[in-house]
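Here is the structure we will look at, set down as C-alpha cells.
The figures here come from the full heavy-atom set of this structure, side chains too, leaving out hydrogens, waters and symmetry mates.
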Amino acid sequence: MKLSNPVNKWRRRNSVEHSSRWVGEHAGYDTKPLPRLTWVAFSMGILVSMGGFVFGYDTGQISGFLAMPDFLRRFGQHHTNGQTPEYYFSNVRSGLIVGLLSIGTLFGALTAAPIADWIGRKWSIIYWCLIFSVGIIVQIAATDKWYQIMMGRFVAGLGVGALSLLVPMYQAETAPRHVRGALISTYQLMITFGIFLSAVFNYAAERHQSGKAASWQITLGLSFVFPAILGVGILFFSDTPRFLFRNGKVDEAKQTMCKVYGVGENHYSIHMELEEIRMKLAEESNKGNTIQEWIGMWKAPKMAYRIALGMGLQMFQQLTGANYFFYYGTVVFTGTGIKNSFVTQMILNGINFGVTFYGLYIVEHYGRRKSLIAGSIWMFICFMIFASVGHFALDRDDPENTPKSSIAMICFACFFIFGFATTWGPMIWTICGELYPSRYRAKAMALSTASNWLWNFLLAFFTPFITSAIDFRYGYVFAGCNILAGFGIYFFVIEGQGRTLEEIDTMYLLGVKPWESARWVAPDLNEMDPKVRQALGQNNSEIAAGGLRASEREEGSDRVDGSEKAEKEEV
C-alpha cells in the first residue's frame with residue numbers, strides 16, 4: 001500500500017489557494033496552490049532582519065557601558081573625594097554619547113532611499129554594513145577621548161538608520177504578499193533579540209573582566225559579527241524583483257520571484273505580479289524630477305495627513321518611555337538599590353524579546369486599533385505606579401532602606417516592557433508599512449522613520465537632565481504621553497487587519513471614520529465616484545491594473561499587449 005506524503009498534505013492545507021486573488025482557473029497558466037512559506041522566503045526574511053539585530057545590539061550595549069568602572073575612568077569626569085577620585089558622567093556627556101547614535105540614524109534614514117535607487121537594495125545593505133563597521137572601529141580605538149566614542153556612535157548610527165529603512169523595503173519588495181506582514185515584523189523581533197543579547201554580553205564581560213578595557217571592548221567588538229553575517233549573506237540573494245525589473249533585468253526578476261514563491265515561471269501569480277510591476281514602471285516614466293515628486297507627494301490626496309500621522313505614530317512610539325529603560329536601565333536600577341543592575345537589565349531585555357513573539361500573534365488576531373489602545377492604557381498604569389513608588393516610597397538617598405519599593409519598581413518595569421513589546425513595539429512598524437500608497441511609500445516611510453530617530457535622540461540626550469531635576473516623576477511624563485497616544489489611535493488610525501493595502505488606501509481617501517473602520521465594507525471599484533477611482537489609480541498601480549482588467553472583462557475585449565500575447569502563444 002502506498003502511503004501519501006504528509007508534507008504535501010500540509011502544503012495543500014496551508015496554501016494560499018483561498019486567500020490569493022490571483023489563483024483560479026486561467027487558461028494557459030499554472031494555477032496550483034501557492035505554498036504558504038518557502039525556505040527561500042523564510043531565510044531571506046531572517047537574514048535581512050539581521051539589520052534590526054544590528055540596531056538592537058548597538059542600542060542595548062551603551063546602557064551597560066555607562067556603569068562599567070573602566071569606561072567611567074577612561075571617558076567620564078572625576079572629582080576628588082578625600083584621596084580617592086570619583087568618576088561620573090555629566091548630563092551633557094552621557095546625553096551626547098548615547099544620543100549621537102540617533103542623530104546618525106536620522107541622517108542615515110534620509111539618505112538611504114536615494115542611494116538604494118542608485119546602486120540597488122542589495123548593494124546598499126552591504127555598503128551601510130561597512131559604514132556601521134567603521135563606526136565600531138572608531139569606538140574600539142578610543143583610549144581616553146570621550147568625543148571619539150561619541151563620533152564613532154554617530155558614524156555607526158548612519159549605518160543603523162539606513163538599515164532601518166532598507167530592511168523593511170527589501171522585505172516588502174521581495175516577500176510574497178500573503179506573508180509580507182509577518183516577515184516585516186521579524187525586524188522588530190530581531191531588534192529585541194539584539195537588545196537582549198547585548199545585555200547578556202555586558203553582564204558576562206563585566207563579571208569576568210571588571211575594571212579592564214575588555215569589559216566594554218569585548219561587547220563592542222562582537223558588533224562586527226552581525227553586519228558581517230548580513231553583508232556576506234546578502235551576496236547569496238538577488239536584488240529585489242522590483243529593482244531588477246526597473247533596470248531591465250526582467251528574466252532575473254522573474255527567477256527571483258519564482259524562488260521566493262516556490263512555483264514555476266508559468267504560474268499565474270508570477271505573471272500577474274510582473275504585469276503590475278510593468279504598469280508601475282510605465283506610470284513612473286511620466287513622473288517629474290526628484291523635487292517635483294517630493295512636492296507632488298505632499299499635494300497628493302490625503303498624503304499630507306498620512307505623512308503627519310506616520311511621523312506622529314513614530315514619535316509616540318518613542319514617547320511611550322521604552323528607551324528610558326533600554327538606554328539608562330542599568331543606571332536607573334542602580335538608583336533603586338539593586339546591587340547587580342546588569343542582571344536586572346538582562347531580565348528586562350529577555351522579557352522584551354520573549355513576549356515580542358506574542359505580539360506577532362496579537363497583531364493579526366485582535367487588530368491594530370484595539371491592541372494599541374489597550375497597550376497605551378496598560379503602559380499608562382505601569383508608569384503611574386513606577387513613578388509614584390519611585391518618588392513617594394523609595395528612599396533615594398539609601399534605597400536599601402526600602403527594599404519592597406525597589407522590588408515593586410522592577411516588577412512594574414517588567415509589566416511595562418510586556419505591554420510595549422506586544423503592542424507599540426512591533427505594530428507601529430506594521431502600520432507605517434500599510435499607511436502609504438505604493439507610489440510614495442519609500443519617501444513617506446523615510447520621513448516617518450526619521451521622526452522615530454529624531455525623538456530617539458531627544459529622549460536620549462535630555463533624559464539625564466530631566467531625571468536629575470524631577471527624579472522618578474519623569475514617569476508621569478511618559479504616562480501622559482501614553483494616554484495621548486491612545487486617543488490618537490482611536491481618532492486617527494484606521495484598522496488594517498485582514499485588508500489589502502489598496503483597501504486601506506481607499507479608506508483614507510474616502511474619509512472612513514477610524515472608529516467605524518473595522519466594520520467598513522469595501523465597495524466595488526467600478527461603483528466608486530470617478531474622482532475617487534482616479535485618485536486611487538494615480539497612487540496605486542495595482543488598483544489601476546485591477547480597474548483596467550475589470551473594464552476589459554465587462555467589454556468582452558480580447559485585447560492583450562504584445563508580450564502577453566506572445567507568452568500565451570508559446571504556451
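Using a 4.5 Å cut-off on side-chain heavy atoms (C-beta onward), I431 and L313 make contact. Residues L158 and F107 form a side-chain contact, since some pair of their non-hydrogen atoms from C-beta on lies under 4.5 Å apart. With a 4.5 Å cut-off on side-chain heavy atoms, Q139 and L220 count as touching. The closest side-chain heavy-atom distance from M190 to V54 is not below 4.5 Å. Annotation: side chain of L458 is in contact with side chain of W455 (closest heavy-atom distance under 4.5 Å). When side chains are defined from C-beta on, V355 does not count as touching T192, because their heavy atoms never get closer than 4.5 Å. You'll find the side chain of W128 stays beyond 4.5 Å of the side chain of P227, heavy atoms only. For the pair I136 and D58, the minimum side-chain heavy-atom distance is below 4.5 Å.
Using a 3.5 Å distance cut-off with no hydrogens or angles, the side chains of T423 and W378 do not pair a donor with an acceptor. For the residue pair Q171 and S49, a side-chain donor N or O sits within less than 3.5 Å of a side-chain acceptor on the partner. Counted by atom type alone, S371 and W424 present zero donor-acceptor pairs between their side chains at under 3.5 Å. Using a 3.5 Å distance cut-off with no hydrogens or angles, the side chains of N202 and Q61 do not pair a donor with an acceptor.
One N or O on the side chain of R93 and one on the backbone of F75 form a donor-acceptor pair closer than 3.5 Å. For T186 (side chain) and L189 (main-chain N/O), no donor-acceptor pair under 3.5 Å exists by modelled atom type. Side-chain atoms of K122 come within 3.5 Å of backbone N or O of F237 as a donor-acceptor pair. Between the side chain of R153 and the main chain of I97, a donor-acceptor pair closer than 3.5 Å is present.
Rounding to the nearest 0.5 Å gives a distance of 12.5 Å between CE of M311 and CG of L435. In this structure, CG in L454 is found 12.0 Å from CG in L447, a value given to the nearest 0.5 Å. Between the CE atom in M445 and the OG atom in S164 there is a gap of 9.0 Å [rounded to 0.5 Å]. Taken to the nearest 0.5 Å, the CG atom of L106 stands 10.0 Å off from the CZ atom of F457. T105 contributes atom OG1, which lies 10.0 Å from atom CG of L100 (distance to the nearest 0.5 angstrom). Rounded to the nearest 0.5 angstrom, L163 CG and L230 CG are separated by 6.5 Å.
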- Task: Show your reasoning for whether side-chain contact (heavy atoms from CB on, under 4.5 Å) applies to Y261 and T38.
- Result: CA-CA 7 Å; Y261 274 89; T38 64; 5.9 Å; no
- Message: With side-chain contact (heavy atoms from CB on, under 4.5 Å) as the criterion, how do F154 and V138 come out once you've worked through the C-alpha distance, each side chain's angles and the decisive distance to 0.1 Å?
- Response: CA-CA 10 Å; F154 173 81; V138 172; over 6 Å; no
- Task: May I have the step-by-step check of side-chain contact (heavy atoms from CB on, under 4.5 Å) for I137 and F224, ending in yes or no?
- Result: CA-CA 9 Å; I137 292 173; F224 288 113; 3.5 Å; yes
- Kindly indicate, with the supporting measurements, whether the criterion side-chain contact (heavy atoms from CB on, under 4.5 Å) is fulfilled by I234 and I126. CA-CA 8 Å; I234 199 70; I126 297 173; 3.4 Å; yes
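No more than 12 heavy-atom neighbours from other residues, nucleotides or ligands sit within 6.0 angstrom of CZ on F42. Applying the 6.0 Å contact sphere to CZ of R207 captures no more than 12 heavy atoms from other residues, nucleotides or ligands. No more than 12 heavy atoms of other residues, nucleotides or ligands shown are found within 6.0 angstrom of CH2 on W123.
Between F415 and F412, the two ring planes are perpendicular [angle over 60°; tilted spans 30° to 60°]. Ring geometry, F53 versus Y57: the interplanar angle falls under 30°, so the pair is classed parallel (tilted spans 30 to 60°).
Between D239 and K249 there is no salt bridge, since no side-chain nitrogen of the basic residue lies less than 4.0 Å from a carboxylate oxygen of the acidic one. Under a 4.0 Å N-O distance rule, the pair D251/K254 does not qualify as a salt bridge.
The shortest non-hydrogen separation linking W216 to R74 is CZ2-CD, 3.9 Å. In this structure, A421 and N352 approach most closely via the heavy-atom pair CB-OD1, 3.3 Å. Considering all non-hydrogen atoms of both residues, V250 and F245 come closest at CG1-CE1, 3.7 Å. Contact record, L165 with A112: CD2-CB, 4.2 Å, taken as the closest heavy-atom pair. C414 and I351 make their closest contact through SG-CD1, 3.5 Å (heavy atoms, listed as atom of the first residue, atom of the second, distance). Nearest approach of P426 to F420, heavy atoms of both residues: CD-O, 4.1 Å.
Here the options are Y187, W453, F226, the test is ring pair (Phe, Tyr, Trp, His ring centres under 6.0 Å), and the partner is F55; only W453 passes.
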